Amino acid sequence: MAGNRGGKAKLLLVEDNELNRDMLSRRLKNSGYEIIIAVDGKEGLEKTTVEKPDLILMDMSLPEIDGWEATRQLKANPETKNIPVIALTAHAMLGDREKALEAGCDEYDTKPIKLPRLLNKIESCVANSRF
Ligand code: MN
């Protein structure tokens, strides 16, 4: 997964909401990342296998396969289990973070996205995964 060592990371954004997806992918591109898009959990799993991203930003509420189940499947697969997953959720509900971490997510952030905060989490997860 350290294919972009020294360069900006390749991120897979799994998000079903078109507005959120367009806005976040544009802001991350402007921050220098290569962005791959998936519109549901099933496509997220497929693109992970094909594209081998350095990190996955996973909306939790998704059609086809939700973010919790998609993350469980990624973490159960030796090919993909070391790719960091940051859970994104609209509900900042008590226990939500724990539920995401239980599914195997490495980090957690809430919408609306605060870009500097998310960028810090991305950088720290990518750095950790390169050891
Ligand atoms: Mn959603």
Side-chain angles (χ1 to χ4, degrees):
M1 293 326 105
N4 291 295
R5 193 181 295 273
K8 276 289 192 177
K10 175 157 86 169
L11 312 182
L12 171 63
L13 173 62
V14 190
E15 168 65 83
D16 61 317
N17 180 287
E18 190 179 357
L19 285 177
N20 289 345
R21 196 170 63 228
D22 288 353
M23 186 173 66
L24 187 52
S25 65
R26 182 166 38 80
R27 295 171 82 191
L28 291 167
K29 273 179 199 162
N30 287 342
S31 302
Y33 292 100
E34 181 184 349
I35 307 298
I36 299 149
I37 295 292
V39 302
D40 59 46
K42 188 167 173 285
E43 192 184 25
L45 292 172
E46 289 161 3
K47 292 225 168 152
T48 301
T49 307
V50 175
E51 300 279 354
K52 299 276 190 287
D54 295 297
L55 181 139
I56 301 168
L57 293 166
M58 183 79 80
D59 178 34
M60 292 284 104
S61 178
L62 291 168
E64 301 294 334
I65 300 173
D66 70 26
W68 292 280
E69 178 56 26
T71 302
R72 272 184 221 108
Q73 291 190 27
L74 292 171
K75 295 300 181 180
N77 180 346
E79 299 276 312
T80 55
K81 68 175 181 164
N82 292 324
I83 303 174
V85 177
I86 299 181
L88 302 177
T89 171
H91 347 267
M93 283 169 58
L94 199 65
D96 229 45
R97 183 174 179 279
E98 286 67 26
K99 204 178 156 198
L101 297 180
E102 263 170 33
C105 294
D106 301 86
E107 251 295 4
Y108 172 88
D109 208 354
T110 49
K111 302 176 191 176
I113 296 296
K114 292 194 169 66
L115 194 65
R117 184 181 66 194
L118 180 61
L119 291 177
N120 279 337
K121 291 180 180 180
I122 291 172
E123 280 308 306
S124 128
C125 282
V126 169
N128 285 336
S129 75
R130 283 177 175 174
F131 284 112

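Read the numbers this way: they start at 1 and go in the same order the structure lists the ligands and their atoms. Since the structure is predicted, the reported quantities are computational estimates derived from the model, not experimental observations.
A salt bridge is absent between Lys42 and Asp66: the closest approach of a Lys/Arg side-chain nitrogen to an acidic carboxylate oxygen does not fall below 4.0 angstrom. For Glu51 and Lys10, the salt-bridge test passes: some basic side-chain N is under 4.0 Å from an acidic carboxylate O. For the pair Glu102 and Lys99, the salt-bridge criterion is not met [side-chain N within less than 4.0 Å of a carboxylate O].
The side chain to side chain contact (heavy atoms under 4.5 Å, CB included) check on Arg97 picks up Leu101, Tyr108, with sequence neighbours excluded. Residues that satisfy the side chain to side chain donor-acceptor pair (under 3.5 Å) test with Lys111, not counting sequence neighbours, are Glu15, Asp59. Scored by the side chain to side chain donor-acceptor pair (under 3.5 Å) test, Glu64 finds no partners at all (sequence neighbours excluded).
Around the Mn ion (ligand 1), the protein contributes the following N, O or S atoms at distances under 2.8 Å: Asp16 OD1, Asp59 OD2, Ser61 O.
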